[in-house]
Amino acid sequence: MNIYTRKSVTQGIPIVPMLDILTILLIFFIVQTEFKRQVNVLKLDLPRTEHLSGEIGDRNQILLEVAADGRIAFDGRLLHADEIPAAVNSLLDKNPNARIQVAAAEGASMGKFIEILDSLSEAGLNIDEVPVRINTEN
C-alpha cells in the first residue's frame with residue numbers, strides 16, 4: 001500500500017532577488033539625480049563712475065539721474081518717466097550735439113532703470129550709444 005505523503009510547499013515571494021533588483025534601481029536613481037542649485041541668470045557688471053571721462057560743465061553732456069527712491073532728474077529738473085521722451089526731443093531740438101548719459105544710484109530699482117531706457121528708446125535714441133553708470137558710495 002502506498003501512503004501518500006503531502007510535501008510541504010512554501011508559498012511566498014523570494015525576497016533576495018527582489019532586494020538585489022531594488023538595490024540596483026536605488027543606485028541607478030541616485031547616480032542619475034541632478035540636485036538643484038541656485039543659478040544666477042544675469043550677471044550684471046555695469047561700469048562705475050571712474051570709467052567715464054569728460055569735462056565738468058560740458059553742455060553737450062546731459063545727465064539723466066535715477067535716485068534710489070525712484071525719482072528722476074533730467075538736466076537738473078525732476079520729471080516723471082512718461083515726460084522723458086518729450087524732454088529729450090526738446091533738448092535735442094535745441095542742442096543737436098547733446099549726448100545723454102544715464103546715472104543710477106546704487107539702490108535704484110532695475111525696473112525703473114529699464115523704464116527709463118525704454119523712454120529713451122521711445123524718444124528715438126539708440127540705447128547702445130547711451131553711456132550708463134552706477135553711482136556707489138564708498
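One finds the CD1 atom of I30 at 4.0 Å from the CG atom of L26 (value rounded to the nearest 0.5 Å). With rounding to the nearest 0.5 angstrom, the CG atom of L79 is 10.0 Å from the CD1 atom of I116. The distance from atom CD of E122 to atom CG of D82, rounded to the nearest 0.5 Å, is 9.0 Å.
Contact annotation: the side chain of L120 approaches that of V102 to within less than 4.5 Å [non-hydrogen atoms, C-beta and beyond]. Within the 4.5 Å cutoff, the side chain of L78 has no heavy atoms near those of the I72 side chain. In this structure the side chain of L92 reaches within 4.5 angstrom of the side chain of L125, judged on heavy atoms.
Here the side chain of S119 pairs no donor or acceptor atom with the backbone of I84 at under 3.5 angstrom. Proximity of a side-chain donor or acceptor of Q32 to a complementary backbone N or O of F29 within less than 3.5 Å is not detected. Although no hydrogens or angles enter the test, the distance criterion places a donor-acceptor pair under 3.5 Å between the side chain of N89 and the main chain of P85.
Hydrophobic cluster membership is shared by L64 and I114, with clusters built from Ile, Leu, Val, Met, Phe, Trp and Tyr side chains linked at under 4.5 angstrom. No path of Ile, Leu, Val, Met, Phe, Trp and Tyr side chains, each step under 4.5 Å between heavy atoms, connects M18 with I24, placing them in separate hydrophobic clusters.
Of all the heavy atoms in A87 and R77, the pair that sits closest is CB-NH2, 3.8 Å. The heavy-atom pair separating L91 from A98 by the smallest distance is CD2-CB, 4.3 Å.
The salt bridge (Lys or Arg N to Asp or Glu O under 4.0 Å) search around D69 returns R71, not counting sequence neighbours.
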